[in-house]
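As the structure is a computational prediction, the values presented were derived from the model and not from experiment.
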Amino acid sequence: MANDASTVFDLVILGGGSGGYAAALRGAQLGLDVALIEKGKVGGTCLHNGCIPTKALLHAGEIADQARESAQFGVKATFEGIDMEAVNKYKDDVISGLYKGLQGLIASRKVHYIEGEGKLSSPTSVDVNGQRVQGRHVLLATGSVPKSLPGLEIDGNRIISSDHALKMDRVPKSAIVLGGGVIGVEFASAWKSFGTEVTIVEGLKHLVPVEDENSSKLLERAFRKRGIKFNLGTFFDKAEYTQDGVRVTLADGKTFEAEILLVAIGRGPVSQGLGYEEQGVAMDRGYVLVDEYMQTNVPTISAVGDLVPTLQLAHVGFAEGILVAERLAGLKTVPVDYDGVPKVTYCHPEVASVGITEAKAKEIYGADKVVALKYNLAGNGKSKILKTAGEIKLVQVKDGAVVGVHMVGDRMGEQVGEAQLIYNWEALPAEVAQLIHAHPTQNEAMGEAHLALAGKPLHAHD
């Protein structure tokens, strides 16, 4: 079809990750003739090198921890070690099943799928496999790759990225994790569960620094208890091989040694050499610039996902891709409210949030107009049963809506759905308080927190 010069697709998508395939599926559903171009496997980073495989590793780590700690629940079990070959098979089987399902979806929606490395060749075309694919509109969705620092070479041997870490055939005895954001703390958590001695190096003053400071402090306390070491507030200087591993030196001269170094300082956009700048697309530090409707400065070109400077989350890519497809199909669209996007870090314990931090709320509304309440999970029956510690923190505009929900504790990621509704529907504490939450559940803690904020606490002190 792509060879036929008379064929002009309604939408040509370059990149089959979360944002690209969401746009393809929604566009086809709305009657658009869609071509989807992907050089690797449809599903992109999230399915193959990110969200899904890391959560599989973390769940395997959770099982290991439960085996070690089973005696405290009256269950006699023994932990005999980690079989990485079997862990990787479990992880890969999860990916494979989802991948096959996604391929089936794309075929069933009659999306024209082209496997190959594409390049933007005009404001309305992409060249791939020696062919020119024409479209009335082009969507750029080429995603991201792990970043490094100047002078720090990721060699895949002792100095590795998250891509390498997901394919390891052994459990490292020790590891330094450079970066205390989402990727860094998730790998640190999984490896600690597997038996690795872990040290996190974070240049900023807290782990998960984009979260509310209270959440960061709670996670740091939990990591200390687990024996995960971390050094905060000093930036990286250099890394060098030792006889048995890697030595990392910080700006203050402090050094750390381990078997491997995981570079987890974030991900950068894939945009070089793909023809974007040549076609006049506005860029900044490799990112493609877009308006609130994901349209670039070139009217026939849009961009979504990790390629644009918004939150690097798969579900953000989904939302942005759907927005573009619906806009092109002539539907009324609403821009993404990025403050209203739920965020979850799947370490042990989990960190989940939606809305703005207390510090941001004070900056926007004034310190005297912001109320914050913390509900300790010690008062929650199901959390007691699970032996998890943590808090739900609510940030409210005085006499107004809840503008931030910040949670730390096992399984808190499963509570973020209700938190998202509370924030996005601008709920008042009293409105949430009158909803009945099932007992005993961890979700009940969300209701209890709002009862307390509404001035009628039940299982909490006044």
Side-chain angles (χ1 to χ4, degrees), residues 58 62 65 180-182 185-186 189 205-226 228 230 232 339 342-362 367 370-398 401-423 427 429 432-433 435 437-462:
L58 283 157
E62 182 183 2
D65 287 334
V182 173
V185 300
E186 286 190 352
S189 184
K205 65 179 183 176
H206 286 297
L207 298 178
V208 287
V210 300
E211 295 289 346
D212 189 272
E213 189 172 323
N214 185 65
S215 294
S216 295
K217 289 178 177 178
L218 287 169
L219 180 63
E220 288 159 15
R221 184 188 307 165
F223 270 19
R224 281 190 203 98
K225 193 173 179 182
R226 291 186 62 195
I228 298 174
F230 46 89
L232 306 173
D339 286 337
K343 302 188 291 290
V344 185
T345 304
Y346 295 87
C347 50
H348 168 48
E350 290 183 351
V351 180
S353 66
V354 66
I356 59 177
T357 65
E358 182 181 358
K360 185 70 174 177
K362 287 178 176 178
V370 173
V371 178
L373 178 136
K374 298 175 187 175
Y375 178 81
N376 196 306
L377 294 182
N380 176 255
K382 188 61 180 286
S383 296
K384 277 283 194 186
I385 290 166
L386 295 172
K387 289 186 177 287
T388 186
E391 287 179 357
I392 292 180
K393 176 179 175 179
L394 305 179
V395 180
Q396 178 199 15
V397 177
K398 195 172 183 179
V402 172
V403 294
V405 181
H406 306 277
M407 303 177 283
V408 177
D410 288 343
R411 306 186 187 180
M412 284 298 106
E414 302 302 326
Q415 313 313 316
V416 82
E418 184 180 7
Q420 175 186 218
L421 294 176
I422 290 165
Y423 171 84
V432 182
L435 300 174
H437 293 71
H439 173 79
T441 62
Q442 283 187 290
N443 179 241
E444 184 182 15
M446 186 73 72
E448 294 270 0
H450 284 84
L451 278 166
L453 192 55
K456 47 180 185 179
L458 183 58
H459 298 99
H461 296 287
D462 292 343

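Looking at V370 and V395, their side chains come closer than 4.5 Å, going by heavy atoms from C-beta outward. Proximity of C347 to L219: side-chain heavy atoms (C-beta onward) are separated by under 4.5 Å at one or more points. With contacts defined as side-chain heavy-atom distances shorter than 4.5 Å, the pair K343/V182 does not qualify. Looking at D339 and K360, their side chains never come closer than 4.5 Å, going by heavy atoms from C-beta outward. Taking the side chain as every heavy atom from C-beta outward, N443 and Q415 approach each other to under 4.5 Å. Looking at heavy atoms from C-beta onward, M407 lies in side-chain contact with V416 at the 4.5 angstrom threshold. Annotation: side chain of V432 is in contact with side chain of I422 (closest heavy-atom distance under 4.5 Å). Side-chain contact between L207 and V351 is absent, with no heavy atoms from C-beta onward closer than 4.5 Å.
Applying the side chain to side chain donor-acceptor pair (under 3.5 Å) rule to K382 yields no partners; only residues at least two apart in sequence or on another chain are considered. With sequence neighbours left out, Q442 forms a side chain to side chain donor-acceptor pair (under 3.5 Å) with S383. Annotation: side chain to side chain contact (heavy atoms under 4.5 Å, CB included) contacts of N376 (sequence neighbours excluded): A378, E391. Applying the side chain to side chain contact (heavy atoms under 4.5 Å, CB included) criterion to A452, with sequence neighbours excluded, gives L373, P457. Evaluation of the side chain to side chain donor-acceptor pair (under 3.5 Å) rule for T345 yields no partner, not counting sequence neighbours. Every residue two or more places apart in sequence or in another chain that forms a side chain to side chain contact (heavy atoms under 4.5 Å, CB included) with D65 is listed here: R68, E69, S193, R226, H348.
Looking at S216, its side chain never comes within 3.5 Å of a backbone N or O of H206 through a donor-acceptor pair.
The two residues A222 and P349 have their closest heavy-atom pair at CB-CD, 3.4 Å. Pairing each heavy atom of A361 with each of V403, the nearest pair is CB-CG2, 4.4 Å. When all heavy atoms of Q396 and P429 are compared, the closest pair comes out as NE2-CG, 3.4 Å. The nearest pair of heavy atoms linking N380 to A445 is ND2-N, 3.7 Å. Residues M446 and I392 share a closest heavy-atom pair of N-CD1, 3.7 Å. Taking every heavy atom of both residues into account, G180 and V185 meet most closely at O-CG1, 3.5 Å.
To the nearest 0.5 Å, atom CZ of residue F223 and atom OG of residue S189 are 5.0 Å apart. Considering CD of E350 and OG1 of T388, their distance stands at 9.0 Å, rounded to 0.5 Å. Going from atom CE of M412 over to atom OG of S353 covers 13.0 Å, rounded to the nearest 0.5 Å.
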Where do V408 and E211 land on the side-chain contact (heavy atoms from CB on, under 4.5 Å) test, with the steps shown first? CA-CA 11 Å; V408 177; E211 295 289 346; over 6 Å; no

List the steps and the verdict of side-chain contact (heavy atoms from CB on, under 4.5 Å) for K205 and L232. CA-CA 5 Å; K205 65 179 183 176; L232 306 173; 5.6 Å; no

The test is side-chain contact (heavy atoms from CB on, under 4.5 Å); show your working for R221 and K217 and say whether it passes. CA-CA 6 Å; R221 184 188 307 165; K217 289 178 177 178; 5.8 Å; no

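Here the options are N214, T357, D212, the test is side chain to side chain donor-acceptor pair (under 3.5 Å), and the partner is K393; only D212 passes. Screening E448, E418, H450, E444 for a side chain to side chain donor-acceptor pair (under 3.5 Å) with H437, the sole residue that qualifies is E418.
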